[in-house]
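Below is one structure, written out as structure tokens; comments come after it.
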Amino acid sequence: MKLQQKIESEIKNAVEKIYGATLESVELQTTRKDFEGDITAVVFPMLRVVKGNPVQIGEAIGAFLVENVAEISKFNVVQGFLNLVLSDAYYLEFFNSVQDFSTFGKVPQGDTAIMVEYSSPNTNKPLHLGHVRNVLLGYSVAEIEKAAGKKVYKTQIINDRGIHICKSMLAWEKFGNEETPATTNLKGDKLVGNYYVKFDQEYKKEIQALKEIGKTEEEAKAQAPLIKEAQEMLRKWEAGDEETVALWNKMNGWVYAGFEETYKNIGVDFDFYYYESDTYLLGKDIIEEGIKKGVFFMKDDGSIWCDLTEEGLDEKLVLRSDGTAVYMTQDIGTAVQRVKDHPDVGGMIYTVGNEQDYHFKVLFLILKKLGYSWAENLFHLSYGMVDLPSGKMKSREGTVVDADDLIEQMTETARKISEELGKIDDFSIEEKEALYKMIGLGALKYYILKVDPKKRILFNPEESVDFQGNTGPFIQYTYARIQSILRKAGKVSTALDLTSIKIHAKEKELIKIIQQYPDTIQLAAENYSPALIANYTYDLVKEFNSFYQNVPILATDNEQEKLFRIKLSAAVAEVIKSAFSLLGIDVPERM
RNA sequence: GGUCUGGUAGCUCAGUUGGAUAGAGCAUCUGCCUUCUAAGCAGACGGUCACAGGUUCGAAUCCUGUCCAGAUCACCA
């Protein structure tokens, strides 16, 4: 039984015995730092069933607990708060009981799988900072769910078809002079992205020209020759025109190669891919079934709708009057297809920006109405946009922070700081480069993941991401510091003699925080929140550094205490490494 | 206009079943490297928790209204 539960039932016991009253529940919390104690019971709520002075009641319960719970050594009462002090032995025994801190807190994988979708890029342009937030969030949540015992499939849907890619294709055909990634020495996604921008520039010129001869903005946008050609190209693609499909294949191929490079750069991976070109026709048969089930209805013009007015929403179109699919149709189809492909999937997480909150609300409702069991376990991992001081990022206008450039920039900052400090001058070039990248990525990932996903991020490229304080590099640094100690300590295999160790207040704090790690993983999994892991790690690391600077580890006379401190430091390092792996951040042996 | 999300120190953020004097980092200022890595530690300064009501022993947290910011409400994707 967990200690918390034990205390809870003993408090109920105490109230029963002393006052003859029955408590429904007991409110426990961790004791605030300014007071002596580890666990605090709040007396106020008890006043409902026990009449009297809260301080006296606290004293009475406290005395009872010290008497009856071995782990509680002392207590004090401040106002209506009963602060319980746990014995050193309790902490030492807990610490000693953990066999392996590298797996501590992680739950073995269960049978039901959850599918996590993230990234989902369009193939007409390179990945930018917005995608980076998406990818980091999705990857991290996938890792957290795994640690919490779920089987996880990471996937993405690649939006490889549609008018956007046709725009890039058309511009390349017209203005490209047969350029390829090889001839230009450009990453494929960058090359294709350039032509997307090129299309927009030329298109705007045409619009301007049409406006000058008296057309309205709207007319000009619809009638410009370039957009008509692009639309024609999309029609040809849908008809399977050989030349168009060949060009599409060629340019998408360039883009995929570019994306893979970026994913590798960021350090994320996928178990399998879905392509919109394969899935965009899915879902129509499900709509048919849905009509039979009475989930959907047909209007006079033949269009199919879902009535969500009872749920407080509008009617939603699921099939056009001409029988063609809309976005919702293929999302329904794709979800169903995924479970067909992987029957163990019992739920899905979609990592998609908050601009699509409404879409997913509707999608999930419809899937529930259709009666799929897994529809109860769908979650839209919605996140706020990443904006620049100048406003929204727009690929067409080139006002984006490119993912590759950003990583490069962070790596450079890490290099600069590292070279100034000069602690790793003996590293080889390769070792140095790997370290700079690890630190640069650590800074970036932590910077993004420590923020609650729902909040929008304002990213100012002029102000660099911090490397000090509550940052990835600070935590990496602490890990490296511990490794340095462990190297100096050499091999220590002796078992601890718990009775001869006098525990220091800082050590006790550290064990307390370590003890919270399993709950933190569960909480982060329930809330789909890497931020909880990030904040936890920071608390742990901050406490360790305070310990490190105030308590000698190796320079201790008492051999048992020295051994304990070494083992404690090693445990902290393992937890840091473990927690950071849930964020997708690596930790260095030296820095 | 309807709906959803956010508003906490100059800046970036914590604060998850309502609990004690609202916490960190950055920035500013003080100390600390002949002792385990100073990307650190110890401390100072800094708050009408957007605003106004309400619920109660107790509200940053729950409810109502207002203000501000963003998103969304297409036979677009």
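Predicted, not measured: the structure shown is a model, and the values here were computed from it. Here is how names work: the chains are called A, B, and so on, in the same order as the sequence lines, proteins then strands, and each is numbered from 1. FYI, side chains are in, hydrogens and waters are out, and symmetry mates aren't considered; it's all heavy atoms of this structure.
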Checklist line | ring centroid sep under 5.5 Å plus plane angle under 30, A/Phe35 with B/A20 | finding: yes
Notebook entry, point to check: Contact class for A/Glu27 vs. all strands (heavy atom < 4.0 Å): base, sugar-phosphate, or nothing?
Noted result: base
Next item on the list: Would you please indicate if the ring centroids of A/Phe544 and A/Phe547 are separated by under 6.0 Å?
Entry: yes
Margin query: Between A/Trp237 and A/Tyr280 (judged by ring centroids, cut-off 6.0 Å), do the two rings come close enough to count as a pair?
Written below: yes
Check: For every nucleotide of nucleotides 8-15 of chain B, 5' to 3': is a protein heavy atom under 4.0 Å from its base (B), only from its sugar-phosphate (S), or from neither (-)?
Finding: ------S-
Check: Base, sugar-phosphate, or nothing for A/Pro54, non-hydrogen atoms under 4.0 angstrom?
Finding: nothing
Note to self: Does A/Glu355 reach a base, just sugar-phosphate, or nothing at all? Heavy atoms under 4.0 Å.
What the structure shows: sugar-phosphate
Checklist line | For RNA chain B, the residues among residues 412-423 of chain A that have a non-hydrogen atom under 4.0 Å from it | finding: A/Ile417, A/Ser418, A/Leu421, A/Lys423
Check: Are the ring of A/Phe81 and the base ring of B/A20 both nearer than 5.5 Å at their centres and tilted by less than 30°?
Finding: yes
Next item on the list: Kindly say whether the aromatic ring centers of A/Phe360 and A/Tyr350 come within a distance under 6.0 Å.
Entry: yes
Margin query: Nearest to the A/Ile485 side chain among B/A20, B/A39, B/C36, which nucleotide is it?
Written below: B/C36
Next item on the list: Quick one: label A/Val551 by what it contacts on the DNA or RNA (base, sugar-phosphate, nothing), any heavy atom closer than 4.0 Å.
Entry: base
Check: Where along residues 312-321 of chain A does a heavy atom fall under 4.0 Å from RNA chain B?
Finding: A/Asp314, A/Leu317, A/Arg320, A/Ser321
Check: Between A/Lys512 and A/Glu543, is a salt bridge (charged side-chain N to carboxylate O under 4.0 Å, His left out) present by the stated rule, with each step listed?
Finding: CA-CA 11 Å; A/Lys512 266 160 102 171; A/Glu543 194 60 42; over 6 Å; no
Notebook entry, point to check: Is there a side-chain polar atom (N or O) of A/Lys454 under 4.0 Å from OP1 or OP2 of B/A71?
Noted result: no
Notebook entry, point to check: Counting any heavy atom closer than 4.0 Å, what does A/Asn83 reach on the DNA or RNA strands: base, sugar-phosphate only, or nothing?
Noted result: base
Margin query: What contact category does A/Thr40 fall into here, base, sugar-phosphate, or nothing, at under 4.0 angstrom with non-hydrogen atoms?
Written below: base
